[in-house]
Protein chains: 2
Amino acid sequence: MTTITRLPHPAIEEVALTDVLFALSDPARLEIVRELADGPLSMAECGATNPALPKSTKSHLMKVLREAGIVRNEPDGRRRTVSLRRDELDAVFPGLLDSVLGATDR
Amino acid sequence: MTTITRLPHPAIEEVALTDVLFALSDPARLEIVRELADGPLSMAECGATNPALPKSTKSHLMKVLREAGIVRNEPDGRRRTVSLRRDELDAVFPGLLDSVLGATDR
DNA sequence: CCGATTGTTCAAGTATTATCGAACCATGAC
DNA sequence: GTCATGGTTCGATAATACTTGAACAATCGG
């Protein structure tokens, strides 16, 4: 009885730069990443901005971030904890996340 | 009689981070940016990789880069010189271009 | 077990992007 | 002027991506 509570994550070595850039190129996703910069959050907690966002939409945004290797999504009781894969990304794309998070968007 | 040889470029202050990230998120466009890192090129010269690329396609790729504020495209005789807006981008998004260009893509 | 909570996945509709031939435009060479 | 060159724009089609409701899954509390 296949329980699939654990979602697939790419190994950091097989994460493509263009996929990372693409995932970050959407304002809603970038905002989520910014929120996660301060530490892990549950799905319910993140997306504080955008409160009216349907959960299926949020789940999909997160999927793109996860598949791009930017975020980790782990089961935690009946919720899910989402966290930035910051150290891993720094190792593979040094400075990238810092410059994106440091940018004052306009 | 409206001569439109001069293409529109966004002022650097009104360039959006997400637009920059999006423009860089395409492998063909990223490759062009990498080529331009060594100095300006004419349209004909860049896209050395991808030699079979139709000119209309290349022109469109360049348009996306230009409209994102990444590249400058200026008339120069009967050709066009394309150059990276590196200093400007560094000023607005410090470290971003460096980290993207420095990344060993996979 | 039952119900409420927290999410994910599916499917369908919509919207955005990519691709590329054909037409067009400016320039330089002659 | 005429022609070739280098490049942009237009228009149509194909391919991706976004959004969302509805169905489903897993867990916790009582």
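All heavy atoms count here, side chains included; hydrogens, waters and symmetry mates do not. Letters A, B, ... are given to chains in the order of the sequence lines, protein chains preceding strands, and every chain is numbered from 1.
Comparing A:Asn73 and B:Arg29 against DNA chain C, the residue whose closest nucleotide sits nearer the 5' end is A:Asn73. Residues B:Glu45 and A:Gly77 each lie close to DNA chain D; by heavy-atom proximity, the contact nearer the 5' end of the strand is made by B:Glu45. Checking A:Asp26 against A:Ser56, the closest nucleotide of DNA chain D that is more toward the 5' end is the one next to A:Asp26.
Between B:Asp76 atom CG and C:dG28 atom P there is a gap of 9 Å when expressed in whole angstrom units. In this structure, the CE atom of A:Met62 is 13 Å from the P atom of C:dT9, given to the nearest Å. Rounded to whole angstrom, the span from the CZ atom of B:Arg79 across to the P atom of D:dG6 amounts to 6 Å. A straight line from NZ of A:Lys55 to P of C:dT5 spans 11 Å, rounded to a whole angstrom. B:Lys58 places its NZ atom 20 Å from the C1' atom of C:dT17, with the value rounded to the nearest Å. The distance from atom CG of B:Leu7 to atom P of C:dA26 is 13 Å, rounded to the nearest whole Å. A:Glu31 places its CD atom 18 Å from the C1' atom of D:dC18, with the value rounded to the nearest Å. Atoms CZ (A:Arg66) and C1' (C:dT9) sit 11 Å apart, rounded to a whole Å.
Side chain of A:Val64, nearest nucleotide from C:dT17, D:dC18, D:dA4: D:dC18. Closest to the side chain of A:Ala44, out of C:dG7, D:dT27, D:dT5, is C:dG7. Listed candidates were D:dT19, D:dG7, C:dT19. Nearest to the side chain of B:Thr57 is C:dT19. Checked against D:dC18, C:dG7, D:dT8, the side chain of A:His60 finds its nearest nucleotide in D:dC18.
Contact check on A:Asp90 versus A:Arg85 returns no salt bridge, with no Lys/Arg side-chain nitrogen under 4.0 Å from an Asp/Glu carboxylate oxygen.
B:Thr5 has no side-chain polar atom (N or O) that falls below the 4.0 Å cut-off from OP1 or OP2 of C:dA26. For the pair A:Ser59 and C:dT8, the criterion of a side-chain N or O lying under 4.0 Å from OP1 or OP2 is met.
Annotation: the span from B:Arg29 atom CZ to A:Leu21 atom CG amounts to 10.5 Å, rounded to 0.5 Å.
Among A:Asp26, A:Val71, A:Asn50, the single residue meeting the side-chain contact (heavy atoms from CB on, under 4.5 Å) criterion with A:Leu61 is A:Asp26.
In B:Lys58, the NZ atom is crowded: over 12 heavy atoms of neighbouring residues, nucleotides or ligands sit closer than 6.0 Å.
Between the side chains of B:Ser83 and B:Glu74, not a single donor N or O lies within less than 3.5 Å of an accepting N or O.
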